[in-house]
**Student:** 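This structure is in structure tokens; I'll ask about it shortly.
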Amino acid sequence: MSMNSVSKYSFGKVTWKCPSNIALIKYWGKRGHQLPLNPSLSITLKNAYTVTELAWEKGEGLDFYFDGALNEAFKEKIKKYLDSLPYSFLKEYKFKISSKNTFPHSAGIASSASSMGALGLCLASLIKNEMDEDFYKLASNLARLGSGSACRSVYGNMASWSDEFAIPIKNIHENFKGMKNSILIVDRGVKEVSSRAGHALMENHPYRERRIQRANENYKNLNEAIASGDFETFGAIVEQEALELHALMMTSSPSFILMKPKTLSLIENIKTFRQESGLNLYFTLDAGPNIHLLYPDSQKDKISSFIKEQEVEVLEDEMGCGPELISFEGETYGN
Ligand code: DP6
């Protein structure tokens, strides 16, 4: 990543809206500095997003507001993150960051993806002056350094990630347009295992090498299914990846079982419904018990009655078109 594109803004502020994403091929395990063991691929969501305003002026210090209130815990994390970035000129600025999410902290949606995505975009606006392709690579790289999955959130629709920054999936068949993601909330509790600790479990995992191979195969086959519009192959790979993530967690030491009995009974219901209806209803899971249903927009009416019958809390989402620049004001040096 070029570090020559130093900003000319002495003070200003920028606001970005950045959605969360749900992985279909799972990032699980790290190599080097915040790089993934295997390629991952995700859908960018629409309704679950973070809005972050970054204000800067010459000076030093950081204030971090979450939902309108100063938040010391988040501030410490973000300070460490800012200090770790390879842009030393950032140390000449005093920052005020204000962030809010559209979804509750405990809804089982990864908030690090949208929040670090939004912050990565804000910082990219401060560092680089043009919003070209390289801008998004820079934003994705900055987001990755904060949270791996966040680097995929800076693009709309679908994105994949295997190195310093994520890239958008270009070849998406129209069958996937407007794909729905209904999140069945099984448990609103806080995550039992942090992502950081979870990724570390892959270091000495007995299935580590096989997992890397398998993720690469799944990644290749999923890309093909996405390009050809093959919803059935898409669904088979996505479900297999979700269960493999949980299988890896169950077979690591220490071991984690993050699915709840309700997660399993919902999975059974999904499979039965699919067999009986012939509809393209599939599921994926994050590192938690909640179920992310995936299905074509064209089948949403029939599938919504199935969802209602499950009698669980549901968050409705769908594939979205990516981040949005809400506002930018920058005052240049010497003006
Ligand atoms: C299971 O991106 O939260 O959601 O890089 O340590 O911040 P850090 O981890 P994080 O891990 C996400 C793991 C996952 C799968 C995925 O999103 O690909």
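Count residues from 1 along the sequence. Atoms within each ligand, like the ligands themselves, are counted from 1 in listed order.
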**Student:** What atoms of ligand 1 come closer than 4.0 angstrom to any heavy atom of Ser195?
**Tutor:** 3 (O), 6 (O), 9 (O), 10 (P), 11 (O)

**Student:** Which ILVMFWY residues are connected to Leu285, directly or by a chain of links, through side-chain heavy atoms under 4.5 Å apart?
**Tutor:** Leu184, Val186, Leu243, Met250, Ile257, Met259, Leu264, Leu266, Ile267, Ile270, Phe273, Leu279, Leu281, Phe283, Ile291, Leu293, Tyr295, Ile303, Phe306, Ile307, Val312, Val314

**Student:** Taking only heavy atoms of Ser112, which atoms of ligand 1 are found under 4.0 Å from at least one of them?
**Tutor:** 3 (O)

**Student:** If you measure from atom 8 (P) of ligand 1 to every heavy atom of Arg196, His246, Lys30, Met249, which option wins on shortest distance?
**Tutor:** Lys30

**Student:** Take a 6.0 Å sphere around CZ of Phe135 and say whether it holds more than 12 heavy atoms from other residues, nucleotides or ligands.
**Tutor:** yes

**Student:** If we only count N/O pairs under 3.5 Å, is Ser149 in contact with ligand 1?
**Tutor:** yes

**Student:** Are more than 12 heavy atoms, taken from residues, nucleotides or ligands other than Lys100, located less than 6.0 Å from that residue's NZ atom?
**Tutor:** no

**Student:** Given side chains that start at C-beta, do those of Arg211 and Leu37 come closer than 4.5 Å, heavy atoms only?
**Tutor:** no

**Student:** Assert yes or no for the condition that the ring centre distance of Phe176 to Phe231 is strictly below 6.0 Å.
**Tutor:** yes

**Student:** Does His199, backbone or side chain, put an N or O under 3.5 Å from an N or O of ligand 1?
**Tutor:** yes

**Student:** Relative to the heavy atoms of Gly148, which atoms of ligand 1 are at a distance of less than 4.0 Å?
**Tutor:** 2 (O), 5 (O), 7 (O), 8 (P)

**Student:** So if I apply the side-chain hydrogen bond (donor to acceptor under 3.5 Å, both in side chains) rule between Ser112 and each of Ser147, Ser153, Ser194, Ser195, which one comes out positive?
**Tutor:** Ser147

**Student:** Would you check whether Asn21 has a nitrogen or oxygen atom less than 3.5 angstrom from a nitrogen or oxygen atom of ligand 1?
**Tutor:** no

**Student:** What I want to know is whether Asp286 and ligand 1 share at least one N or O pair that is separated by under 3.5 angstrom.
**Tutor:** yes

**Student:** In this structure, is the centre-to-centre distance between the rings of Tyr27 and Trp161 below 6.0 Å?
**Tutor:** yes

**Student:** Under a 4.0 angstrom heavy-atom cut-off, which atoms of ligand 1 come close to Ala23?
**Tutor:** 16 (C), 17 (O), 18 (O)

